[in-house]
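First the structure, in the form of structure tokens, and then the observations on it.
Heavy-atom basis, side chains included; hydrogens, waters and symmetry copies ignored. Counting starts at 1 for both ligands and their atoms, following the listed order.
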Amino acid sequence: MEAARLHEYTEEMDQALQIDDVDEPTVSEPTDVIVEVTGAGWCQTDNHIIEGMWTEYVDQTLPMTLGHENAGIVREVGDLVDTVDVGDPVICHPVQTCGVCRPCRLGEDMYCEHSVFNGLTTDGGFAEYLHTSDRATIPLPAGVDPTEIAPHADAGITAYHAAKKAVAELNPGDTAVVIGIGGLGHIGLQCLQAMSAATIVAVDLKQEALELAADLGADETVDSSDEDVADAIASITDEVGAQQVLDFVGRDETTALAPDITAAGGDHHIIGYGGMITEPAQALVNGEFAFRGTLVGQYTELQELVALVDRGDVTLHTDHYSLDEVNTVAERLEHGEIEGRAVIEP
Ligand code: NAD
Ligand code: ZN
């Protein structure tokens, strides 16, 4: 089968991945599931992986097929699999967990002590077939197209995970700020809306992204390319600040906003990454705000997100590309030329 693989870390996105002819994955463990990938979202994390940004945090062996936002049709199952059947449309949690370690038993899939992560530590879904497991596959309700829903496997679950933590702290009358209305952010905004009564402010430096945010129902938009974000949030919140900030950018300039835009006792959630957090300790003491990290999300949260999608509360803005266009997508995303999410159809 054809697979888009990373052979060497590089900054050159126009030659990031190579289309190779590789063996199709097969069932080897009784809990294995082989999925024919109909859609695989391209995430900015793919660009980060290509640049070698994850080598400090996980073991990677190249060449590796990228793609961690996968959905499709089950084509083969191991003898012990009874949660999905051949022919079922499914969305795939990117992490295959052991199920028996303490974090797994607590439902903390992302902390599993024996996990493998498609497209990050093992082959992913920019290929015709994906090797995964019964614990990572979620059958889709009738009428939900796996090709359309693929980005929820990572962009969606991550945005949902952060939004759910934020919503637990948001009261009616509070303000939530979403920074970066791209692949993740346009989903995060809708999750906040579906689950809270807060005023939602979208911040981006691209006009198209702000238009998308307004279409999706953001109460206010702030163009950070020509507005002072701190002034704008102060004016929207009567100088109180935002109780919850979802930072889907995570660069120096957005993490630096925290002391100025976060309300006392609030949280600045770090979802996007690449920059640094450099604040005086006293700033956190004075405002008693917190930086909180977010890593993807739990299997059960993906189920919850699928329920929101099924209710029509969360929609995706996507464009579709073929497997041999992966490097075009990588380049376009690098230059901010993708609205919403790009989905590869292998
Ligand atoms: P994306 O490129 O689709 O979206 C980013 C958006 O942020 C774009 O709309 C862009 O215009 C906007 N933006 C960029 N710089 C900005 C700035 N300084 N101020 C305001 N807006 C700005 O990217 P994505 O795929 O949505 O990923 C977003 C981030 O989340 C990336 O860093 C990615 O690696 C990360 N990510 C994290 C996790 C996790 O588990 N924490 C999972 C997936 C992706
Ligand atoms: Zn485990």
Exercise for review: Measure centre to centre between the rings of W42 and F126, then say whether the value is under 6.0 Å.
Suggested key: yes
Check your understanding: Does the separation of the ring centres of Y160 and H152 fall below 6.0 angstrom?
Key -> no
Point to revise | Check: S115/Q96 side-chain N/O donor and acceptor closer than 3.5 Å | key: no
Exercise for review: Considering heavy atoms of the protein only, find what lies nearest to atom 37 (C) of ligand 1 and give residue, atom and distance to 0.1 Å.
Suggested key: I271 O, 3.1 Å
Review point. Does N47 approach ligand 1 within less than 4.0 angstrom via side chain, backbone, both or neither, non-hydrogen atoms only?
Key: neither
Exercise for review: Have a look at D252, L205, V203, I187 and point out the one with the heavy atom closest to atom 16 (C) of ligand 1.
Suggested key: L205
Review point. To which of D247, V229, D204, I49 does the heavy atom nearest atom 8 (C) of ligand 1 belong?
Key: D204
Point to revise | Polar contact flag for C43 and ligand 1 (N/O pairs, less than 3.5 Å) | key: no
Review point. Going by an N to O cut-off under 4.0 Å, is there a salt bridge joining E108 and R102?
Key: no
Exercise for review: Decide, yes or no, whether a salt bridge links E69 with R341 under the criterion of side-chain N to carboxylate O below 4.0 Å.
Suggested key: yes
Check your understanding: Which atom pair, heavy atoms only, marks the closest approach of L120 to M64?
Key -> O-CE, 3.3 Å
Practice item. Evaluate whether atom OH of Y273 has more than 12 neighbouring non-hydrogen atoms of other residues, nucleotides or ligands under 6.0 angstrom away. Key: yes
Check your understanding: Out of W54, F248, W42, who gets a non-hydrogen atom closest to atom 28 (C) of ligand 1?
Key -> F248
Exercise for review: Decide if atom CD of E288 counts as having more than 12 heavy atoms of other residues, nucleotides or ligands within a radius under 6.0 Å.
Suggested key: no
Check your understanding: Would you say the side chains of N118 and H68 form a donor-acceptor pair under 3.5 Å?
Key -> no
Check your understanding: Between I181 and ligand 1, which residue portion shows a heavy-atom distance shorter than 4.0 Å: side chain, backbone, both, or neither?
Key -> backbone
Practice item. Determine yes or no for a side-chain-to-main-chain donor-acceptor pair under 3.5 angstrom, with T254 supplying the side chain and R251 the backbone. Key: yes
Review point. Between the candidates A162, S224, A159, which shows the shortest non-hydrogen contact distance to atom 19 (N) of ligand 1?
Key: S224
**Study point:** Partner set under salt bridge (Lys or Arg N to Asp or Glu O under 4.0 Å) for E36, not counting sequence neighbours
**Key:** R75
Point to revise | Neighbouring protein N, O or S atoms of the Zn ion (ligand 2) [cut-off: under 2.8 Å, no waters] | key: C98 SG, C101 SG, C104 SG, C112 SG
Exercise for review: Consider only side-chain N and O atoms of Q298 and H161, and report whether a donor and an acceptor are under 3.5 Å apart.
Suggested key: no
Point to revise | V249 N/O to ligand 1 N/O under 3.5 Å | key: no
Revision key, fill the gap. So for K206 against ligand 1, with non-hydrogen atoms under 4.0 Å, the contacting part is side chain
Exercise for review: Please say whether D154 places an N or O atom under 3.5 Å from an N or O atom belonging to ligand 1.
Suggested key: no
Review point. What protein heavy atom sits nearest atom 25 (O) of ligand 1, and how far away is it?
Key: R341 NH1, 2.6 Å
Review point. Which residue supplies the protein heavy atom nearest to atom 14 (C) of ligand 1, what is that atom called, and how far is it?
Key: R251 NH1, 3.7 Å
